[in-house]
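Since the structure comes first, as structure tokens, the remarks are kept for the end.
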Amino acid sequence: MAEALGDLMRTIYCGELTTENIGETVILNGWVNKRRDHGGLIFVDLRDRTGIVQVVFSPDVDREAFEKAETVRSEYVLAVKGEVRRRPEGTENEQLKTGLVEVYASELRILNKAKTPPFYIAEDIDVDEAVRLKYRYLDLRRPDMQRVLMLRHRTTKAMRDFLDAKGFLEIETPMLTKSTPEGARDYLVPSRLHPGEFFALPQSPQIFKQLLMVSGMERYFQIVRCFRDEDLRADRQPEFTQLDIEMSFVDRERVLSLMEDLVAYVFKETLGKDIQTPFTRLPYREAMDRYGSDKPDLRFGLELVDITDLAGEVEFKVFASVVQSGGQVKGINARGCGSFTRREIDELTEFVGNYGAKGLAWMIVQEDGIKSPIAKFFSEEQLGNIKSRLGAAPGDLLLFVADRPQVVAASLGALRVELAKRLDLIKKDELNFVWIVDFPLVEYDEEEKRYVALHHPFTSPVEEDIPLMDTEPEKVRAQAYDLVLNGVELGGGSIRIHRRDVQEKMFKVIGLGDEEAREKFGFLLDAFEYGTPPHGGIAFGLDRWVMIMAQRDTIRDCIAFPKTQSATDLMIQAPSPVDKHQLKELHLKTAVVPRKGE
RNA sequence: GGAGCUGUGGUGGAGAUGGUUACCAUGCCAGCCUGUCAAGCUGGAGGUCGCGGGUUCAAGUCCCGUCAGCUCCGCCA
């Protein structure tokens with residue numbers, strides 16, 4: 001029997017009650033977090049999005065309210081009117097923000113009943129994520145989830161405030177747009193009015209924001225949904241949100257420093273943290289050499305050390321042959337890990353195997369020499385050189401991978417992070433920002449047998465490298481930059497190509513023929529002929545940004561209604577088959593035989 | 001496309017070597033209880049072990065397949 005809200009509209013939020021309110025008569029609206037029935041006295045913890053306060057139902061105060069309270073259960077929706085009183089001495093609850101007071105209910109309306117929820121609505125619950133996702137509306141009732149969404153709100157608010165103050169305009173771009181080559185797989189939307197043709201959902205508003213620069217908008221931003229039909233990860237969802245930014249008449253330094261100000265402003269406004277600027281700038285090459293990653297976590301050391309030159313001289317065949325065939329040998333000094341058991345080292349070997357490494361050579365440094373199955377292939381002098389190169393001391397464990405540079409980087413880069421986790425070297429509260437700069441413009445794709453853009457095909461090469469585009473494209477540096485925070489790629493951008501001749505050259509390098517370029521990007525090439533200012537910008541992954549600020553392990557926790565790893569929504573059961581008529585209208589036929597029962 | 005982990009009442013977990021009514025906690029329901037706060041006490045209901053097949057006299061437990069969730073590789077300009 002749900003009752004009408006009537007005049008019992010809240011006068012204050014549960015979490016806001018303090019000793020200041022003692023003596024006041026207040027009206028609370030919220031959910032029953034917990035009911036404790038003592039027979040002659042009932043306590044109800046009432047919860048709204050601000051917090052919890054204890055409501056007392058006593059027949060001495062109001063018998064009708066008390067009797068109604070006996071029927072109340074968890075998650076019932078209530079309106080309560082009552083007097084705020086200081087709790088009797090000895091019954092204060094220090095764990096509750098409002099624990100010094102309680103509300104004596106003089107009137108209760110049960111606005112709605114509730115089924116027993118499948119899990120307790122509280123912080124730190126231990127429930128299968130699938131259950132949480134199926135009942136996401138209940139999951140989001142939990143205070144820690146609400147806090148993340150509030151933080152997300154404050155983050156976007158701070159972004160908008162900062163950019164507005166700096167003269168940026170928030171402009172929307174189309175969701176129904178055009179499929180383009182390069183990049184991720186598109187989500188396609190069939191066109192009803194144009195049989196056999198499709199829109200694509202944007203992977204990013206890249207081209208539109210550049211066109212807005214041609215339009216003379218000068219400074220643009222957008223908090224915008226992007227879509228990529230690729231496999232998911234803890235930090236990758238098929239639809240995610242970017243803070244997208246573009247500016248005219250700027251160079252790289254101008255963009256980076258303004259973005260540093262933005263980051264500092266947002267962290268100050270949301271978390272109250274002071275961020276030191278400018279951020280470190282680390283060339284891509286150096287990041288790969290020292291950390292084996294273009295998104296290194298700089299909160300700890302464990303840097304990769306190149307011993308290719310030393311390894312080429314040893315009798316150990318695995319090392320020598322790798323070096324001979326143009327590979328690399330690099331190592332990490334896991335300080336103080338000399339006590340690792342054989343089993344632990346085997347685990348690490350298996351770990352690097354995931355990244356293509358065929359093995360993990362190891363040496364334990366002891367007072368009286370080196371303990372290692374491969375030590376016998378090395379002379380004393382060679383061992384000494386390796387030790388000094390890695391700065392090894394007794395008690396250290398040295399780990400080596402010999403392979404193609406990509407495999408060495410991937411495996412040791414990952415091993416570095418794994419070791420840091422195992423050794424607890426990562427300071428959880430540290431925020432370590434770094435710009436990765438001087439990316440190559442293109443890299444050779446073995447599968448496609450052509451050069452592909454490392455960033456995207458609109459990234460400007462460094463001016464003096466332009467001539468190299470014809471001769472040694474892989475040596476051309478791009479005016480591109482990524483912002484990395486604690487090993488997570490927060491965002492990336494570049495100064496764009498704004499000259500038609502350079503853009504055409506770029507298309508040529510990546511093997512995009514004149515005709516295809518014309519067909520796919522003709523409008524862009526045309527636009528570039530009408531007075532395009534030099535421009536550049538960046539896009540940040542908002543979900544990842546919030547994830548780090550909220551110290552969560554997955555962006556699913558920072559998105560109200562996320563998808564599972566197989567890109568489904570467990571709550572609304574999407575995707576789903578559609579009606580035959582819908583398909584017919586869209587001029588579509590599926591090649592799949594529907595499963596039984598569908 | 002691949003590797004790994006997980007799947008037992010609503011929820012979280014336990015169930016050596018295959019063997020009688022599948023255990024514990026919590027939640028739920030009922031009763032008692034006027035100061036609790038993840039209240040307490042007493043009693044009760046609730047699962048056939050993700051699904052399918054196989055081995056066996058007998059399977060939650062072994063085998064095969066499959067589905068789902070998560071982590072990772074590939075992929076993600």
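Reminder, nothing fancy here: chain letters follow the sequence lines and each chain counts from 1.
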When we call it a touch if two heavy atoms are under 4.0 Å apart, what does A/Thr116 touch: a base, just sugar-phosphate, or nothing?
-> sugar-phosphate

Taking only side-chain nitrogens and oxygens of A/Arg36, does any of them come within less than 4.0 Å of OP1 or OP2 of B/rA39?
-> yes

When we call it a touch if two heavy atoms are under 4.0 Å apart, what does A/Asp60 touch: a base, just sugar-phosphate, or nothing?
-> base

Does the B/rC75 base have a donor-acceptor partner in the side chain of A/Arg236 within less than 3.5 Å?
-> yes

On a whole-Å scale, what distance lies between the P atoms belonging to B/rG7 and B/rC49?
-> 15 Å

Looking at every strand, decide which applies to A/Asp126 at a 4.0 Å heavy-atom threshold: base, sugar-phosphate, or nothing.
-> sugar-phosphate

Of all heavy-atom pairs between A/Tyr220 and A/Lys209, which one has the smallest distance, and what is that distance?
-> CE2-CB, 3.4 Å

With sugar-phosphate meaning primed atoms plus P, OP1 and OP2, does A/Pro88 contact a base, only sugar-phosphate, or nothing at under 4.0 Å between heavy atoms?
-> base

Any-strand Watson-Crick or G-U partner of B/rA3, both distances under 3.5 Å | B/rU71

How long is the line joining CZ of A/Phe351 and P of B/rC73, in whole Å?
-> 9 Å

Validate the cation-pi geometry between A/Lys68 and A/Phe57: distance from NZ or CZ to the six-membered ring centre under 6.0 Å, angle to the ring axis within 45°.
-> no

No-H, no-angle donor-acceptor pair, A/Asn354 side chain to B/rC73 base, under 3.5 Å | no

Could A/Arg518 and A/Phe507 be counted as a cation-pi pair, given that NZ or CZ must be under 6.0 Å from the ring centre and within 45° of the axis?
-> no

Please test A/Ser204 against A/Gln242 for side-chain hydrogen bond (donor to acceptor under 3.5 Å, both in side chains), starting from the C-alpha separation and ending with a verdict.
-> CA-CA 8 Å; A/Ser204 83; A/Gln242 283 189 346; 4.9 Å; no

Answer with yes or no whether A/Arg233 presents, from its side chain, a donor or acceptor under 3.5 Å of a partner atom in the base of B/rG74.
-> yes

Between the side chain of A/Gln503 and the main-chain N/O of A/Pro457, is any donor-acceptor distance below 3.5 Å?
-> yes

Ion pair A/Asp144/A/Arg147, N-O distance below 4.0 Å | no

Identify whether any heavy atom of A/Thr568 sits under 4.0 Å from a base atom; if not, whether one sits that close to sugar-phosphate; answer base, sugar-phosphate or nothing.
-> sugar-phosphate

Please work out which of the three classes, parallel, tilted or perpendicular, describes the rings of A/His456 and A/Phe458, given edges at 30° and 60°.
-> tilted

Pairwise C1' distance, B/rU48 and B/rG9 [rounded to whole Å] | 11 Å

Could you measure between the two C1' atoms, the one in B/rC33 and the one in B/rC67, and give it in whole Å?
-> 49 Å

Test item: A/Arg185 side-chain N/O and A/Glu230 main-chain N/O as donor-acceptor pair under 3.5 Å | no

Integer-rounded Å distance: B/rC72 P and A/Tyr355 OH | 8 Å

Assigned partner base of B/rC62, Watson-Crick or wobble definition, under 3.5 Å | B/rG54

Assert: residue with more 5' nearest nucleotide on RNA chain B, out of A/His456 and A/Glu129, is A/Glu129

Sticking with atom C1', work out how far B/rG60 lies from B/rA16, rounded to a whole angstrom.
-> 15 Å

Distance-only donor-acceptor test (3.5 Å): side chain A/Tyr104, base B/rG35 | yes

Rounded off to whole Å, could you give me the CD1-to-P distance for the A/Ile555 and B/rC76 pair?
-> 17 Å

In terms of the nearest nucleotide of RNA chain B, which residue is placed more toward the 5' end: A/Tyr120 or A/Arg73?
-> A/Arg73

Using the P atom on both, measure B/rU17 against B/rC28 and round to a whole Å.
-> 35 Å

Less than 3.5 Å between a donor and an acceptor, one on the side chain of A/Arg87 and one on the base of B/rC37, is that the case here?
-> yes

Expressed in angstrom and rounded to an integer, what is the separation of A/Phe66 atom CZ from B/rC33 atom C1'?
-> 10 Å

Under 5.5 Å between ring centres and under 30° between planes: true for A/Phe119 and the base of B/rU11?
-> no

Proximal nucleotide (of B/rG69, B/rU71, B/rC33) relative to the A/Gln565 side chain | B/rU71

Look at the side chain of A/Glu102 and the base of B/rG35, then say whether one donor and one acceptor between them are separated by less than 3.5 Å.
-> yes

Considering only the P atoms, how many Å lie between B/rU8 and B/rA3, rounded to the nearest integer?
-> 24 Å

No-H, no-angle donor-acceptor pair, A/Arg228 side chain to B/rC76 base, under 3.5 Å | no

Please confirm whether any donor atom in the side chain of A/Asp231 sits under 3.5 Å from an acceptor in the base of B/rG74, or the reverse.
-> yes

Quickly work out the A/Ile125 CD1 to B/rA25 C1' distance and round it to whole Å.
-> 17 Å

Tell me: CG of A/Leu133 to P of B/rU11, nearest whole Å?
-> 14 Å

Between B/rA14 and B/rC72 - C1' atom distance, rounded Å | 29 Å

Under 5.5 Å between ring centres and under 30° between planes: true for A/His38 and the base of B/rG35?
-> no

Rounded C1' spacing from B/rG50 to B/rU36 in Å | 41 Å

Using atom CD of A/Glu75 as one end and atom C1' of B/rC28 as the other, report the distance to the nearest whole Å.
-> 14 Å

Classify the nucleic acid contact of A/Pro117 as base, sugar-phosphate or nothing, counting any heavy atom under 4.0 Å across all strands shown.
-> nothing

Assign A/Val127 to base, sugar-phosphate, or nothing according to its heavy-atom contacts below 4.0 angstrom with the strands shown.
-> sugar-phosphate

Scan A/Glu94 against the nucleic acid and name what it touches under 4.0 Å (heavy atoms): base, sugar-phosphate only, or nothing.
-> nothing

May I have the distance from A/Gln54 (atom CD) to B/rA39 (atom C1'), rounded to whole angstrom?
-> 11 Å

Taking OP1 and OP2 of B/rU71, is either one under 4.0 Å from a side-chain nitrogen or oxygen of A/Arg556?
-> yes

A/Ser566 side chain N/O closer than 4.0 Å to the phosphate oxygens (OP1, OP2) of B/rG69?
-> yes

